[in-house]
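Working notes, structure below.
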Number of protein chains: 2
Amino acid sequence: MGSTAGNKGTRGRRERLRAETTAEIKEVALALMASGGPDAITLRAIAREMGMTANAIYGYFATRDDLVSTLIDDVYTALADAVDAAWQASSGKDAATRVHAWADAFRDWALAHPEGFRLIYGDPVPGYQAPPGGPAPDAARRVCTGLAGLAAEAWPWAEPLYADSDFTWSDFDPALLDKLRPAFPGLPPAAVALALRIWGRLHGLVSLEIYGHLRGQTPSPDKLFHEELAQLVRALGLSPRA
Amino acid sequence: MGSTAGNKGTRGRRERLRAETTAEIKEVALALMASGGPDAITLRAIAREMGMTANAIYGYFATRDDLVSTLIDDVYTALADAVDAAWQASSGKDAATRVHAWADAFRDWALAHPEGFRLIYGDPVPGYQAPPGGPAPDAARRVCTGLAGLAAEAWPWAEPLYADSDFTWSDFDPALLDKLRPAFPGLPPAAVALALRIWGRLHGLVSLEIYGHLRGQTPSPDKLFHEELAQLVRALGLSPRA
DNA sequence: GCCGAAACTATACGGTGTGAAGTTTTGATA
DNA sequence: TATCAAAACTTCACACCGTATAGTTTCGGC
């Protein structure tokens, strides 16, 4: 099985063209989304842009929702990459600084890709549930793992503050724990709960901002976010210096 | 101008019928939304349900987006009513209990009306910005005012914890302050910032839950929310008893 | 040069929001 | 009570959407 001897180039050509077309469809779709929101992702508009027929896209994606969920996969992965990179880049710094680095990367990415954020955290495909094994849930767990990294980094200081947490391992999805426990062997359930709550705090302000609900209340969402971060750092038992 | 003498009944009839039809359109639209999400709100489906033609609805709403934003107004107002009622009902209790009451009312409403929550905080009408004077921004400010009530209630204990806040009145929208400052005369800018941050914390976990992003991580979003609440109460300087 | 698969197009159907024009209903008036 | 104008509603039309089916073109491998 596999390629006929010596024909790697030719068989590769078809595949390459196919990959390029697939990539172009996604690119155009992302551009449409960036300029007109998720609803602007239209098979006909994409095809128009590419000089094709809308039906040609069905050779690459079974359905529009399929295309959109592939986009979600890509975009969510990009977000996870961004925060992971910020985390890596802050390696060696003190815990408070690293928390700021992670959180800022999260918000900065969201502000730079508001439509991407909506794509991930809104539901552009109503009623859609990502397939359990797919890249999107994986990216979500990468984000959670990153947050668990924050919690783990801060845990030496934070632990006494969360002594009354009554979380147990059974309070978390096994698939999440499969990623988390090997990465952070000493981390107790309380710290995982802390990670999810940190997610909530960051997601809350950022999503209010992205969806415009802060606009009518404050012209300084930046300041608000950073004060929230300062308080978060304090709630982790870290010294507020950054 | 006004009604012809003695004809109040007849002129009132037209208006009553019109009001009833308007109400029925909204009812049917909400029912469609509840069963099939915001995208199920379709002029034709509404008309079908009502035994009318889709175009007849244009006599009541200028456009579909108009109808949807009217729904947003209504639903947001209902949410504001719900949290306000819980706040009133907890009057006299201690601050920690009242914080719990408000927050639980918020989350309970969201869980009871997930589509309504999505309608308010997602953006079913892409690119839509609520008219500045309309009911939706007003409801948003009612929610913020409620949150400021929490902050005000807790402020005697919380104040020393937020001494380093550098917020000033210019960091908030005048329309918000117009509602807030008369209601809570002694409240400093730091407390308003605190209110908005509390909003973020509550909104974060609830919206992650409503949009299903917590489902893959924990089977106990309840527990998570209540631990978050306990920590919030602690961060307000209140004793964690409830 | 030929073949078969892959890529793509043409056509069609049912759905959507919405505009323009015509029809019916109905409350006020002469 | 007959009439009339406005309001309510329907009909028709258009452009757009996703998508199924069938037909056509393209092109690598023999």
Side-chain angles (χ1 to χ4, degrees), chain A residues 1-25 28-29 32-33 36-71 124-128, chain B residues 1-25 28-29 32-33 36-71 124-128:
Chain A
M1 66 198 69
S3 65
T4 310
N7 279 357
K8 195 195 72 181
T10 56
R11 203 191 56 138
R13 177 181 149 77
R14 275 271 242 264
E15 278 179 19
R16 204 191 62 237
L17 285 180
R18 186 173 180 78
E20 279 171 8
T21 305
T22 306
E24 191 186 351
I25 292 173
V28 173
L32 285 169
M33 179 186 71
D39 286 18
I41 303 175
T42 273
L43 297 189
R44 290 178 139 101
I46 296 169
R48 222 176 291 136
E49 199 80 18
M50 294 178 65
M52 285 200 325
T53 296
N55 274 347
I57 300 178
Y58 283 91
Y60 299 86
F61 297 93
T63 186
R64 178 190 174 271
D65 288 4
D66 247 51
L67 166 59
V68 173
S69 36
T70 302
L71 293 180
V125 182
Y128 167 78
Chain B
M1 68 198 67
S3 64
T4 310
N7 279 357
K8 193 196 73 181
T10 56
R11 205 192 53 141
R13 178 183 148 75
R14 274 269 241 261
E15 277 179 20
R16 205 191 61 238
L17 285 180
R18 186 174 181 79
E20 279 172 7
T21 306
T22 306
E24 191 185 351
I25 293 173
V28 172
L32 285 170
M33 180 186 70
D39 286 19
I41 303 175
T42 275
L43 297 188
R44 291 179 139 98
I46 296 170
R48 222 175 292 135
E49 199 80 18
M50 294 178 64
M52 287 201 325
T53 297
N55 274 349
I57 299 178
Y58 283 92
Y60 299 86
F61 297 93
T63 185
R64 178 190 174 270
D65 288 3
D66 247 51
L67 166 58
V68 173
S69 36
T70 302
L71 293 180
V125 182
Y128 167 78

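Predicted model, so just to flag it, every value in this text is computed and none were measured. Chain letters run A, B, ... following the sequence lines, proteins first, then strands; residues in each count from 1. Side chains included, hydrogens not; waters and symmetry mates left out as well; all remaining heavy atoms used.
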Measuring from the side chain of [X] (C-beta onward, heavy atoms only), which nucleotide among [options] has the closest atom?
X: Met52(A); options: dT9(C), dT18(C), dC17(D); answer: dT9(C)
X: Arg64(B); options: dT11(D), dA8(D), dG17(C); answer: dG17(C)
X: Thr63(B); options: dA8(D), dT10(D), dT18(C); answer: dT18(C)
X: Tyr58(A); options: dG15(C), dT10(D), dG18(D); answer: dG18(D)
X: Ala56(A); options: dT9(C), dT19(D), dT18(C); answer: dT9(C)

Using atom [atom1] of [X] as one end and atom [atom2] of [N] as the other, report the distance to the nearest whole Å.
X: Leu43(A); N: dT16(C); atom1: CG; atom2: P; value: 18 Å
X: Leu67(A); N: dC17(D); atom1: CG; atom2: P; value: 14 Å
X: Asp39(A); N: dC16(D); atom1: CG; atom2: C1'; value: 13 Å
X: Met50(B); N: dA8(D); atom1: CE; atom2: C1'; value: 12 Å
X: Arg48(A); N: dG18(D); atom1: CZ; atom2: P; value: 9 Å
X: Phe61(B); N: dG17(C); atom1: CZ; atom2: P; value: 14 Å
X: Asp66(B); N: dG17(C); atom1: CG; atom2: P; value: 14 Å
X: Glu15(A); N: dG29(D); atom1: CD; atom2: C1'; value: 15 Å

Verify the contact: side-chain N or O of [X] to OP1 or OP2 of [N], cut-off strictly under 4.0 Å; return yes or no.
X: Thr21(A); N: dA7(C); value: no
X: Thr42(B); N: dG17(C); value: yes
X: Arg18(B); N: dA6(D); value: no

Any side-chain heavy-atom pair of Leu67(B) and Ile46(B) under 4.5 Å: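 Heavy-atom side-chain distance check passes, below 4.5 Å.
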How do Gly59(A) and Arg44(A) order along DNA chain C: which one's closest nucleotide is nearer the 5' end?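 Closest to the 5' end, via its nearest nucleotide, is Gly59(A).
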Can you name the closest pair of heavy atoms from [X] and [Y] and give their distance?
X: Tyr58(A); Y: Thr63(A); answer: CE2-CA, 4.1 Å
X: Ala29(A); Y: Leu71(A); answer: CB-CD1, 3.7 Å
X: Arg64(A); Y: Ile41(A); answer: NE-O, 2.9 Å

Begin from the C-alpha positions of Thr21(B) and Met50(B) and carry the test side chain to side chain contact (heavy atoms under 4.5 Å, CB included) through to its verdict. CA-CA 9 Å; Thr21(B) 306; Met50(B) 294 178 64; 4.2 Å; yes
